[in-house]
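The structure appears below as structure tokens.
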Number of protein chains: 2
Amino acid sequence: MTRSGADLALLLLGGYRTLVESVVAELAARGHDDVRPVHDFAMRAIASGADNASELGRRLAVSKQAAAKTIAVLLERGYVRRGTDPDDARRKRIEVTPLGWEVMHQGEAAFDELRAQWARRIGADELAALERQLAVLVGDDAVRPEAAGPAAHD
Amino acid sequence: MTRSGADLALLLLGGYRTLVESVVAELAARGHDDVRPVHDFAMRAIASGADNASELGRRLAVSKQAAAKTIAVLLERGYVRRGTDPDDARRKRIEVTPLGWEVMHQGEAAFDELRAQWARRIGADELAALERQLAVLVGDDAVRPEAAGPAAHD
DNA sequence: CACAATAGACAATCTGGTTGTCGAAATCAA
DNA sequence: TTGATTTCGACAACCAGATTGTCTATTGTG
């Protein structure tokens, strides 16, 4: 089969979607039917130190306004809470709640389960090779969005 | 390095984005600065037979209203034209214009060039294996959206 | 101190999607 | 053949997730 570059793009997108759809379905089945992928990614960024809207925007490579909106829905759903920063009165410090952690853990477990299924289907070595090659192609930073993507200048 | 399932998802998304961003940048550099990936996909679907809004919606797995909007922008940009269907007065037959074909060809060339670069970086065999494995994982239909995806019930 | 940079709020806007409704045309079943 | 159902495309309202631009409060710096 001759594959075009566009087919490659579609394969990559298809792979991503397959994973993400399964995970949100799994989360919905466990009662978290209002979680979107972006929420999970945002919570992980918050948990790993992006504890204010501007910083979160930078890490996710979106504008701080977009990040603030995401935080607003996370707040509303109870997945994060907000306090003040003792060192900087401009900042509102964001913190992941236990409920947020629960969703993240379930999401991670679902992702890992999917990955294990893939490993069974194509072989663990092949999957590892696939990941390694993608990492090379993408520039490994892609896994850490703060270093990649079109920076939002804000 | 231990990779989680979520990292795998990010890698796939990152790969897709890397490709698509390069291609739209390349198209923009050649004067088509108003083309979005969805436009290219839609034109290809139209060219391959989805010559009316309802059918296009089915193929792209979106609602016919969304497809109609996409067609409207393609019309406005001059990438497709619209006529009547001699056999069914309800249908408006859509056709890709020469300008549309030009964009598709340039996009395809850009994708293929990117794919060749990747092949040089990780090896042609490895890239072929990666595509083969992704195809298995995704169910090859992902390359032909008309057969996959959450159907828009309309 | 004065001024530049930063955080976050708010508004307007854009894109790409959704549902729902509708009239016109086509198809199907009695 | 005719009446019911389906399908096509148009229109409206809406939504999610982004954008840019403007504003105030606060902080850091020459």
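Residue numbers begin at 1 in each chain, while the letters A, B, ... track the order of the sequences.
Distance Asp40(A) CG to dG17(D) P: 14 Å, rounded to the nearest Å. With rounding to whole Å, Glu55(A) atom CD is found 17 Å from dT27(D) atom C1'. The nearest whole Å value for the distance from the CG atom in Leu56(B) to the C1' atom in dT7(D) is 16 Å. Between His39(B) atom NE2 and dC14(C) atom P there is a gap of 15 Å when expressed in whole angstrom units. As rounded to whole Å, 10 Å separates atom C1' of dG8(C) from atom CD1 of Ile71(A). With rounding to whole Å, Lys69(B) atom NZ is found 11 Å from dT19(C) atom C1'. Arg36(A) has its CZ atom 16 Å from the C1' atom of dG16(C), to the nearest Å.
In this model, the phosphate group of dA9(C) is not approached by any side-chain N or O of Arg91(A) to a distance below 4.0 Å at OP1 or OP2. Regarding contacts with the backbone of dC8(D), a side-chain N or O of Arg58(B) is found under 4.0 angstrom from either OP1 or OP2. Between Arg82(B) and dA10(D) there is a side-chain polar atom (N or O) within less than 4.0 angstrom of OP1 or OP2. In terms of phosphate contacts, Ser63(B) brings a side-chain nitrogen or oxygen within less than 4.0 Å of OP1 or OP2 of dT18(C).
Toward the 5' end of DNA chain D, the nearer of the two residues Asp51(B) and Asp88(A), judged by each one's closest nucleotide, is Asp51(B). Residue whose closest nucleotide on DNA chain D sits further toward the 5' end, between Ser54(B) and Arg90(A): Ser54(B).
One finds the CG atom of Leu12(B) at 6.0 Å from the CG atom of Leu134(B) (value rounded to the nearest 0.5 Å). Here the CD atom belonging to Glu108(A) is positioned 7.5 Å from the CG atom belonging to Asp7(B), to the nearest 0.5 angstrom.
Both Ile94(B) and Phe41(B) belong to a common hydrophobic cluster when Ile, Leu, Val, Met, Phe, Trp and Tyr are linked at side-chain heavy-atom distances under 4.5 angstrom.
Side-chain contact between Asp51(A) and Glu95(A): absent, with no pair of heavy atoms (C-beta onward) separated by less than 4.5 Å. Looking at heavy atoms from C-beta onward, Leu11(B) lies out of side-chain contact with Tyr16(A) at the 4.5 angstrom threshold.
Side chain of Val38(B), nearest nucleotide from dG16(C), dA7(C), dA18(D): dG16(C). Minimum atom distance to the side chain of Lys64(B) is reached by dC8(D), of the listed dC8(D), dT19(D), dG17(C).
If you check every strand for non-hydrogen atoms under 4.0 Å, Ala53(A) touches sugar and phosphate atoms only.
Residue-to-nucleotide contacts include a donor-acceptor pair under 3.5 Å from the side chain of Gln65(B) to the base of dG20(C).
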